[in-house]
Amino acid sequence: MRFSKFFIPTLKEAPSEAEITSHRLMLRAGMIRKLSSGIYSYLPLGLMAIRKVENIIREEMNRVGAQEVLLPLVQPAELWKTSGRWHRYGKELLRLKDRHNREHCLGPTHEEVITNLVRYEVRSYRDLPLNLYQIHTKFRDEIRPRFGLMRCREFIMKDGYSFDIDDEAAEETYKIMYEAYERIFDRCGLVFRVVEAETGTIGGSFSHEFMAVSDVGEDTIVYCKNCSYAANIERAEVKNYSISEEKQRPIKEVYTPGYKTVEEVTSFLNVGPERIVKTILYLSDGKPLAALVRGDHEINESKLLRLLGCESLNLAPPDVIKEITGADVGFAGPVGINIKIVADNAIKGMRNFISGANRTDYHFMNINPGRDFKVEIFGDIRFIKEGDLCPKCGGELEFKRGIEVGHVFKLGTKYSKALRATYLDKRGKEQYIVMGCYGIGVGRTLAAIIEQNHDEHGIIFPLSVAPFSIYLLPIDLKDPEILNTAEKIYKKLRERGFDVLYDDRDVSPGIKFKDADLIGIPIRITLGRYLKEGKIEIRLRRSGETRIIPLNELELTLEKIFKYGTH
RNA sequence: CGGGACGUGGCGCAGCCUGGUAGCGCACCUGCAUGGGGCGCAGGUGGUCGCAGGUUCAAAUCCUGUCGUCCCGACCA
């Protein structure tokens, strides 16, 4: 590609709205432009990089026997009502009506459509297993899109769905897909970790997330320094709990005028937050519930939801809190309230703690579980925090930020049951198909690659996803020798199948160097002062390593670089 | 949804407090010059100051509303 003909509007300065590196660099390199919040156009250079990532995904999917399909973006409401997600998915599902006033939505994911497709075509165990995937645009009406391609409303996703005859076969498919995912992100040049994860609205029994390690990641991942345990903080189990040996003291009411938060109460009573118990009131499937966690712990609603096995869980509104406790918000406690109490495991071992007295401006001191109130369920309902130990081996844990680039779910029969996707087994008996689902955020993967591969001058593309592998940079096109050689090299390299970006612009060398660095093409060939001696310069973007070589050794040198990499 | 900020040429910003000629850098155009890191000189194009209403002799500037964008959180996953 000739730079002068290429639609690549590079920017010296990035728009102020771009906060993180990948977003700034993608804008500056002329890869993307924003149309509106969370909605982007892909320019040629950006699309080329996207395609590179997609093709890695395609190769690895095809290698494990998955087949590519393309499913509709606009989906009828009926299908979503059947699965129950029309009501459950919430505002992220963009709903629209057609001219006949029929309800539709833009697909945020495609379990319904694919299951619907398969249920009509699969009759017998002989038709299984089946593994289908697609790469196309999804729409999720995110509450807060941010960070460029990192969290968009409209985004490119690879989503795959597997269909197996039973759990065992599904398990095997899951493993194969998991390994394919590892190969994909390896080939993309990402530093990543696989963690146990929450399943969210997709549902299913368990899942793993593929997390690109990055400080700008929106998730926190926890992993053990000692063993292989790794989990999303949403999911990470807490197993270490201590039991206090303190003697029980008589309960005592104290006047705490206006002191509501843990912070206020600790400073007023001059105690540590670990002496306090927070009482959080919820409506669980509409019924009131008190959840207890220690003052220095944070409640994890996903864990609570899972423990309760309920459909909905919402914080109780202030008027309900007042009704239950008989006090203003901020003075709730477990003693003397007449609703179901669920407590974190840590509460079990606590003695003489402080909590609200269910009376405005009062707290109780020296509360003891069992003696002063009864807990219906003890369980792990809090977030893990720094200092907690590995639930597997008791080792020390590390906390890092991660970008969720891939997510694999074992769905089981959630959708096949809802949409009645069945087959006849060998004995002629009807069985539900066992499903799995596998997603990769393509744009987000590209953003993660740039987050992990850049310097102060710009992007440093790994060869595997670089939109071009070679940047041909003639210093001065008015010098006939340089011009002729550049044209010759460009022609020859293209004939040899190399993808070359030829900077044939009549601009100062500085501009070309800056753009070359910004765009991040792995190999730069510079034609300039050494040409008089029949030599050219080859420079690697990543290492900065520069070699001056005779012109006739160019192809040999390139072959070596492609063989041994650009590091 | 709560909190905060912003909207002035394609991009980055100043001007607003204290109302009175719309300004700077980059980009762009022309010419000259230059050719190893966003190079120099000279000249030039382009903005009803997000939109609507109000106050005023006069509004980018003050007031009200509205739309959009970004950040933090909540929510969602």
Side-chain angles (χ1 to χ4, degrees), chain A residues 9-20 23-24 27-30 33-40 85 88-94 108-109 111 138-148 150-153 155 157 159 197-204 207 209 216 218-219 232-235 298-302 305 312-315 317 403-404 407 409 437 439 441 444 456-458 471 473-483 486 503 505-519 524-532 535-537 539 541 544 546 548:
Chain A
T10 59
L11 262 29
K12 208 178 267 189
E13 290 171 290
S16 55
E17 67 189 36
E19 287 283 318
I20 65 166
H23 189 195
R24 296 177 60 84
L27 287 169
R28 286 191 54 209
R33 287 293 183 263
K34 187 176 70 177
L35 180 62
S36 72
S37 180
I39 301 181
Y40 287 84
R85 288 207 293 186
R88 218 172 309 136
Y89 213 96
K91 287 188 184 157
E92 235 170 81
L93 186 65
L94 185 69
T109 174
E111 284 81 10
K138 296 265 185 285
F139 195 96
R140 293 182 187 170
D141 200 358
E142 290 282 346
I143 196 161
R144 185 146 92 84
R146 61 185 129 181
F147 300 152
M150 203 69 88
R151 182 171 289 274
C152 290
R153 296 197 290 167
F155 59 101
M157 181 173 176
D159 51 324
E198 274 297 328
T199 53
T201 44
I202 304 289
S207 76
E209 284 168 337
V216 300
E218 296 185 282
D219 291 277
N232 192 310
I233 196 164
E234 293 281 343
R235 177 75 189 215
E298 289 303 320
I299 193 156
N300 180 332
E301 291 184 8
S302 317
L305 192 79
S312 75
L313 185 71
N314 299 301
L315 278 174
I403 300 165
E404 182 194 346
H407 201 159
F409 300 79
C437 143
R444 188 182 276 186
E456 68 271 30
H457 302 294
Y471 195 100
L473 194 157
I475 293 289
D476 180 8
L477 290 168
K478 292 205 181 69
D479 181 329
E481 195 188 357
I482 292 179
L483 177 63
D503 197 342
R505 293 175 297 171
D506 183 22
V507 295
S508 82
I511 291 174
K512 297 185 184 184
F513 286 128
K514 290 290 182 188
D515 273 341
D517 286 347
L518 174 62
I519 295 165
R524 191 181 82 196
I525 301 174
T526 311
L527 272 50
R529 59 165 81 105
Y530 305 108
L531 198 58
K532 285 193 265 312
K535 288 179 177 171
I536 58 173
E537 177 189 307
R539 182 188 168 91
R541 175 70 179 89
T546 307
I548 314 294

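With A:Lys512 contributing its side chain and A:Pro474 its backbone, the two residues share a donor-acceptor pair below 3.5 Å. Looking at A:Thr546, its side chain does come within 3.5 Å of a backbone N or O of A:Gly544 through a donor-acceptor pair. Using a distance-only test at 3.5 Å, with no hydrogens or angles considered, a donor-acceptor pair links the side chain of A:Asn300 to the main chain of A:Glu234. Remark: the backbone N or O of A:Asp517 is paired with a side-chain donor or acceptor of A:Arg541 at under 3.5 angstrom. Not one N or O on the side chain of A:Arg444 forms a donor-acceptor pair closer than 3.5 Å with the backbone of A:Arg151.
When the C1' atom is used for both B:C71 and B:U55, the distance is 34 Å, rounded to whole Å. If you take atom P in B:C70 and the same atom in B:A33, they sit 47 Å apart, rounded to whole Å. Rounded to whole Å, the separation between the C1' atoms of B:C13 and B:G7 comes to 13 Å. Separating the C1' atom of B:G25 from that of B:C62 is a span of 30 Å, rounded to the nearest Å. Distance noted for atom P between B:A60 and B:G20: 9 Å (whole Å). Rounded to a whole angstrom, the distance from the C1' atom of B:A14 to that of B:C26 is 15 Å. Between B:G10 and B:C51, the distance separating the two P atoms is 13 Å to the nearest Å. On the P atoms, B:U18 is 50 Å away from B:G31, given to the nearest whole Å.
Residue contacts shown for A:Gly90 are absent, as no nucleic acid heavy atom lies under 4.0 Å away. Across all strands shown, A:Asp479 has no heavy atoms under 4.0 Å from either base or sugar-phosphate atoms. Residue-level contact check: A:Arg151 touches neither bases nor backbone, having no heavy atom under 4.0 Å from any strand. No engagement by A:Glu404 is indicated, since no non-hydrogen atom pair under 4.0 Å with the nucleic acid exists.
Rounded to whole Å, the distance from CG on A:Asp515 to C1' on B:G38 is 8 Å. For the pair A:Ile519 CD1 and B:G37 C1', the computed distance is 15 Å after rounding to whole Å. The distance between atom CZ of A:Arg85 and atom P of B:C76, rounded to the nearest whole Å, is 16 Å. If you measure from atom NZ of A:Lys12 to atom P of B:A27, you get 4 Å, rounded to the nearest angstrom. The CD1 atom of A:Ile548 sits 14 Å away from the P atom of B:G36 (whole-angstrom rounding). Remark: P of B:A77 and CE of A:Met157 are 15 Å apart, rounded to the nearest angstrom. Straight-line distance from the CG atom of A:Leu11 to the P atom of B:C26: 16 Å, rounded to whole Å. Rounded to whole Å, atom C1' of B:C76 lies 5 Å from atom CD of A:Glu92.
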- Task: Treat primed atoms plus P, OP1 and OP2 as sugar-phosphate and everything else as base, then score nucleotides 28-34 of chain B 5' to 3': B for base contact with protein heavy atoms under 4.0 Å, S for sugar-phosphate contact only, - for none.
- Result: ------B
- Note on the structure: Going 5' to 3' through nucleotides 66-75 of chain B and flagging B where a protein heavy-atom sits under 4.0 Å of the base, S where only the sugar-phosphate is that close, and - otherwise, we get ---SSBB-BB
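Checked against salt bridge (Lys or Arg N to Asp or Glu O under 4.0 Å), A:Arg33 has no partners two or more places apart in sequence or in another chain. Here A:Glu298 pairs with A:Lys278 under the salt bridge (Lys or Arg N to Asp or Glu O under 4.0 Å) rule; sequence neighbours left out. Residues passing the salt bridge (Lys or Arg N to Asp or Glu O under 4.0 Å) test with A:Asp476: none are found, sequence neighbours excluded. Partners of A:Tyr471 according to the ring-ring contact (aromatic ring centres under 6.0 Å, His included) rule, which considers only residues two or more places apart in sequence or in another chain, do not exist here.
Look at B:C17: it lacks any Watson-Crick or wobble partner with both distances under 3.5 angstrom. Here B:A58 sits opposite no nucleotide as a Watson-Crick or G-U wobble pair (both hydrogen-bonding atom distances under 3.5 Å). Base pairing annotation: B:G73 forms a Watson-Crick or G-U wobble pair with B:C1, both donor-acceptor distances under 3.5 Å. Base pairing analysis places B:C39 opposite nothing; no Watson-Crick or G-U wobble pair with both distances below 3.5 Å involves it. Pairing of B:U48, defined by two Watson-Crick or G-U wobble distances under 3.5 Å, is not identified with any nucleotide.
The base of B:G38 does not come close enough to the side chain of A:Glu13 for any donor and acceptor atom to sit less than 3.5 Å apart. If you check distances only, the side chain of A:Asp476 never reaches the base of B:G36 with a donor-acceptor pair under 3.5 Å. Applying the 3.5 Å distance criterion, the base of B:A77 shares no donor-acceptor pair with the side chain of A:Glu198.
Summary of the strand contacts: A:Arg28 and A:Asp219 both lie near RNA chain B, and taking for each the nucleotide with the nearest heavy atom, the more 5' one is attributed to A:Arg28.
Closest to the side chain of A:Pro15, out of B:G37, B:G36, B:C11, is B:C11. The side chain of A:Glu537 has B:G36 as its nearest neighbour among B:G36, B:G37, B:C11.
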